[in-house]
There are 2 protein chains.
Amino acid sequence: MKVTIGDVANKAGVSKTTVSRILNGNFNHNTEETKKRVLEAIEELKYRPNSLAKGLKSMRTNVIGIVLSSFKNTFWATVLEGVEDTCRELGYNIMICSSGDDPELEEEYIREFQMRQVDGIVINPTALNTKLYNELVEIKFPMVVINRKVNDLHAHNVVVDNIRGAFMAVDHLLKNGRKHVAAFAYKNKYVSTWQERLEGYRAALLANGYSSSNFKIVEIDKEEISVKESIIRFVEENPDIDGIFSTNNVITLEIFEVLKEMNLKIPEEIAIVSYDETDWAKHLDPSLTTVRQPAYDLGKVSAKLLIDTIQSKKFDPNKVILQPDLIVRKSSSKP
Amino acid sequence: MKVTIGDVANKAGVSKTTVSRILNGNFNHNTEETKKRVLEAIEELKYRPNSLAKGLKSMRTNVIGIVLSSFKNTFWATVLEGVEDTCRELGYNIMICSSGDDPELEEEYIREFQMRQVDGIVINPTALNTKLYNELVEIKFPMVVINRKVNDLHAHNVVVDNIRGAFMAVDHLLKNGRKHVAAFAYKNKYVSTWQERLEGYRAALLANGYSSSNFKIVEIDKEEISVKESIIRFVEENPDIDGIFSTNNVITLEIFEVLKEMNLKIPEEIAIVSYDETDWAKHLDPSLTTVRQPAYDLGKVSAKLLIDTIQSKKFDPNKVILQPDLIVRKSSSKP
DNA sequence: ATGAAAGCGCTAACAT
DNA sequence: ATGTTAGCGCTTTCAT
C-alpha cells in the first residue's frame, strides 16, 4: 500500500541515496539518464515522501506553530492570511491553536508544538506565562511575539504602534472641535495593547492643552458589568461628553446601540473613532472612522522574521513597530 | 541538549521499553516503584517525547488538516473554534490552510497534508477537484467534506440545510406582506451553497402561490461587475421590488448602502433578510434579520466524525444535515 | 515485570 | 556518479 523511497529505488534500479538526492535537488552529480528513470519511477508509483521520517532525520519539519487568542476577529484572520502566504512561499506549513487568553491553555499548546518539533512559533501572548516565554528564549526556540509586548523579554517582537494609533484618533477628534473626549477599553493590565491605546489617548489630550484632570477613561471589567451597562452608566453620568475613542470594535457596536437608544446623534452630539477597520465599518450609519492596523503585514513580517531566524539561527531580538493609519468617515465629522 | 527516551531510561536505570510503556499508560505490569522512578526522571530531565518519532513508528500523528476557502469570515472562525475544541478534547492538533477557492492550491495543500501524514482532513471543497476527491475516497483517506456538497462523492459530508434556510427567509418575507421578493447570490454553479439557497428561494415563492415567472434572481459575477453596481442596476430596473433575500452578508452590506443612497427606506419600502448571522447584524440600522447557521456545531460534528473515522476505520459515508434558524429583527418588519 | 532488538522512512557521511 | 551504512527517537514483538 504505502510506497517508500526504497520502492522507488528498486523500480529505478538505483539506491535510496540516489533517489533522495534527486528528490532534494542535489542532482549536480547525476546522469540525466538516472534522473529521468528515478523521476519516472516516482511518477508511476505515485510516490510521496514521508515528512515525518524526513523531519526525524533532518531535525527540521518546515512547520511553524501559531498561537492566537481567538480566531473570531477580522484582524486575526487577516494576520493569519499574511502568515499563510509567507509560509507557502517559503515552503512551510502551519499548525494553529487559540489560547482564549488562558495562560494554562497557552502553555499546553506550546508544549504540544514543541513535541511536534515545529521549527518555531508565532504567538500573540497572554502575557501571563513569563517564566515559559523566558525558558523558550533560553533554549533559543525560534519565536516571534506579535501584537502585544512582554516586559523584559529578549525575543523578537512585531507590533503595531498603539500609542500612535490612539493618538491619531484622539487628536483627530480634538482638532475637529470636540472638547470632552472619553476613551473606552477592556480592563486588563497585562495586555500592552489596551494600556498603550490609553496612553496614546492621554498623550493626545496633553498635546492639545488639556491636563490629566480632563482624562475620562472607562475600563470595562467584563466579569463585573456588561459592556452595554457600563457605557450607559458612563454616558448618563457624563452628559458633557462630545467625543468617544473606542479601543475595540465590539465595544464600538455597543456604543452605537446605546447612543441611538438614548437618542444622542452621531456625530452631531457625539463623535466616535474606533479601533479596528472592518468590512462593516463603512456601512454603519453613520459610517465609522477607524484606526486601521496593517494586519496582513503584521502576519507577513512576523512569519518572515520567524523563518529567517529558523534558517539563519541568529537570535538577536528584532523589534518591529508597524504603523496604523486613520480612516476618516462620518462618525467623526465636525459638530 | 535534546533529551530522549534513552536518557530517561538511563537516569531511571530501566530500559527504553519500560519508559515507553509508562509514558503510554501501559503500566498494568509495572511496579509502583519503577513507575515512580521513571516519572521522576522524566520530571528532572524535562523530557518531552518526540512526536515525529512516535508518529513514524506508530503510523498515527494525531494531527488533522483543515482546508478552508478563506479565514476572513466569522462563520469560518466559528467553525474552526468547534473543530479546535473537539480536537483538544480528543488529543488532536490542527494543521490549517486556505485555498482561496483555487483548485490548484487546494490540491497542493492536500498533497502537503498527506506527506505530513495527517490522520485525516476536514475540507470545504472548491468542488473543482472531483478526481482528487475520489482518489482520496478510493485510498480510504479519512475525510469530512463540510459546508458544500460534491456530486456523487462517496464521502462523509456535514452541511447546513441551505434550501430550508433560504425557504424560511423568503417565506418570512412573503408571510409578512411582501409581494415582490428578489434574491441575490454570487454566480458560481459549482458551489452547492449558493445554488441551494436559490432553490429554497424558488420553493418559498411556489409554496406561497407564485409561479416561476415571479422569480427575480440576481447572480453576481464578480469578474464582470461590482457587487454595488449590479445591485443598483437591478433596483433601478425593478422599482416594484419590496423585499430582498441576500445569500451573503458582504452583498447585504452593499445592499444597505445602495438603498440608503437611493433613499429607499428599510424596511418600510424594502425588507431584507440575509445570510449569515454576525456580530454586527443586530447593530445595523435597522437591525438585520438573518439566517443563522450552527457554525460551531458544524465544526464540532465534523471533527468528531473525522476522528471517529480515523479511530474506527469505518468508512460508510455519513451525511449530516444541520438546521439553520431565522433571527427576526427590524429589517424585515411588516411594511 | 522488564529488556533486547528490529525497524518505521528518510538523510548524510563516507566510501568507491 | 552512485552505493553502503548508520542512525534520527520511538514502539513493539518476542524473550526472559
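Quick note on labels: first sequence line is chain A, next is B, and so on, each numbered from 1. Just so it is clear, the structure is predicted and the values come from calculations on it, not from any experiment.
- B:Asp101 pairs by the salt bridge (charged side-chain N to carboxylate O under 4.0 Å, His left out) definition with B:Arg148, not counting sequence neighbours.
- Partners of A:Lys36 by salt bridge (charged side-chain N to carboxylate O under 4.0 Å, His left out), not counting sequence neighbours, listed by chain and number: A:Glu40.
- Of the residues A:Tyr92, A:Phe141, A:Phe113, the one that meets the side chain to side chain contact (heavy atoms under 4.5 Å, CB included) test with A:Asp119 is A:Tyr92.
- Considering only the side chain of A:Lys2, C:dG9 comes nearest among C:dC10, C:dG3, C:dG9.
- Taking a 4.0 Å limit (strictly below) on heavy-atom distances, residues 109-117 of chain A does not reach DNA chain C anywhere.
- Contacts classified as side-chain hydrogen bond (donor to acceptor under 3.5 Å, both in side chains) and involving residues 63-83 of chain B (residues at least two apart or in different chains) are given here: B:Ser69-B:Asn124.
- A:Glu44 pairs by the salt bridge (charged side-chain N to carboxylate O under 4.0 Å, His left out) definition with A:Lys11, not counting sequence neighbours.
- Positionally, the nearest nucleotide of DNA chain C for B:Gly13 lies more toward the 5' end than for the other of B:Gly13 and B:Lys16.
- Partners of B:Arg111 under the salt bridge (charged side-chain N to carboxylate O under 4.0 Å, His left out) rule, at least two apart in sequence or in another chain, are B:Glu107, B:Glu135.
- Remark: B:Thr4 is not in phosphate contact with D:dC8, judged by side-chain N or O atoms under 4.0 Å from OP1 or OP2.
- Across B:His156, B:Lys304, B:Lys140, a single residue satisfies side chain to side chain donor-acceptor pair (under 3.5 Å) together with B:Thr309, and that is B:His156.
- Heavy-atom distances under 4.0 Å link DNA chain D to B:Asn50, B:Ala53, B:Lys54, B:Lys57 of residues 50-58 of chain B, given in residue order.
- Annotation: the terminal axes of the helix from C:dA1-D:dT16 to C:dT16-D:dA1 meet at 40°, where each axis is the rotation carrying the C1' atoms of four end pairs onto the next four (5 pairs per end, rounded to 10°).
- For B:Glu112, the side-chain contact (heavy atoms from CB on, under 4.5 Å) partners at least two apart in sequence or on another chain are A:Asn93, B:Met115, B:Arg116.
- Side-chain N/O atoms of A:Thr18 include one lying less than 4.0 angstrom from OP1 or OP2 on D:dG3.
- Partners of B:Tyr47 according to the side chain to side chain donor-acceptor pair (under 3.5 Å) rule, which considers only residues two or more places apart in sequence or in another chain, do not exist here.
- For the side chain to side chain donor-acceptor pair (under 3.5 Å) test, no residue two or more places apart in sequence or in another chain qualifies with A:Lys16.
- In this model, the phosphate group of C:dA4 is not approached by any side-chain N or O of B:Ser15 to a distance below 4.0 Å at OP1 or OP2.
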Next on the checklist: Between A:Lys149 and A:Glu196, does the salt bridge (charged side-chain N to carboxylate O under 4.0 Å, His left out) criterion hold? Intermediate values first, please.
Outcome noted: CA-CA 10 Å; A:Lys149 293 175 183 168; A:Glu196 291 176 354; 3.1 Å; yes
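- In terms of modelled atom types and a separation under 3.5 Å, the side chain of B:Asn50 and the main chain of B:Ala53 share a donor-acceptor contact.
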Item to check | Chi angles and distances behind the salt bridge (charged side-chain N to carboxylate O under 4.0 Å, His left out) call for B:Arg88, B:Glu84 | outcome: CA-CA 6 Å; B:Arg88 180 154 46 85; B:Glu84 186 191 27; 5.5 Å; no
Pull out every protein N or O sitting under 3.5 Å from an N or O of nucleotides 13-16 of chain D, one pair per line with the distance.
none

